[in-house]
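Keep in mind that what you see is a predicted model, and the values were worked out from it rather than measured.
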Amino acid sequence: GISSDGRYLVYLEISPDESCHVNVSDRWNSNSLRNPCPEELGQNIKGWHPSFNSNGRQILWYNPETKKRLMTENSLINY
């Protein structure tokens with residue numbers, strides 16, 4: 001997902017060994033972080049879709065299969 005101002009980009013990365021990471025990039029400052037996926041996403045990681053709230057400070061997660069929602073902090077806000 002991309003923040004409403006176009007500054008931040010977030011996406012899931014699932015490696016061949018099934019480990020999950022969240023990649024967040026600040027497109028204005030060319031900073032990026034790769035963090036492990038939040039445990040709250042559970043086992044069905046591929047079903048989750050990340051986006052940002054209106055000011056880009058939180059990552060909003062939504063799983064359309066389970067209708068579950070989750071909110072985590074954008075790790076680049078204080079970077």
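- Side-chain heavy atoms closer than 4.5 Å link hydrophobic residues (I, L, V, M, F, W, Y) into clusters, and following such links, even through other members, never connects M71 to L76.
- Interatomic distance, CG of N29 versus CZ of R7, reported as 5.0 Å (0.5 Å rounding).
- The backbone N or O of H21 sits nowhere less than 3.5 Å from a side-chain atom of R34 that would complete a donor-acceptor pair.
- Side chain of S51 to backbone of G1: no donor-acceptor contact under 3.5 angstrom is found.
- Here the CG-OG distance, from N55 to S4, works out to 8.0 Å after rounding to the nearest 0.5 Å.
- In this structure, CG in L70 is found 5.5 Å from CD in E40, a value given to the nearest 0.5 Å.
- Closest approach of P50 to V10, counting heavy atoms only: CB-CG1, 3.8 Å.
- Under the 4.5 Å side-chain criterion, counting only non-hydrogen atoms from C-beta, R57 is not in contact with N74.
- Taking a 4.5 Å side-chain heavy-atom cut-off between Ile, Leu, Val, Met, Phe, Trp and Tyr, the cluster of Y62 contains only that residue.
- When hydrophobic clusters are built by joining Ile, Leu, Val, Met, Phe, Trp and Tyr residues whose side-chain heavy atoms come closer than 4.5 Å, directly or via intermediates, W48 is grouped together with L33.
- Considering only heavy atoms from C-beta on, V22 comes within 4.5 Å of P38 through its side chain.
- Note that CD of Q58 is 8.5 Å distant from OG1 of T72, once rounded to the nearest 0.5 Å.
- Linking ILVMFWY side-chain heavy atoms closer than 4.5 Å, directly or via other members, places W61 and Y11 in two distinct hydrophobic clusters.
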Assess the residue pair D26 and Y8 against the criterion (side-chain contact (heavy atoms from CB on, under 4.5 Å)); give the C-alpha distance rounded to whole Å, side-chain angles, the decisive distance to 0.1 Å, and a yes or no.
CA-CA 5 Å; D26 181 335; Y8 298 107; 3.8 Å; yes
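- Across G47 and P64, no two heavy atoms sit closer than the pair O-CD, 3.3 Å.
- With rounding to the nearest 0.5 angstrom, the CZ atom of F52 is 5.0 Å from the CD1 atom of I59.
- In this structure, CG in L12 is found 7.0 Å from CG in L41, a value given to the nearest 0.5 Å.
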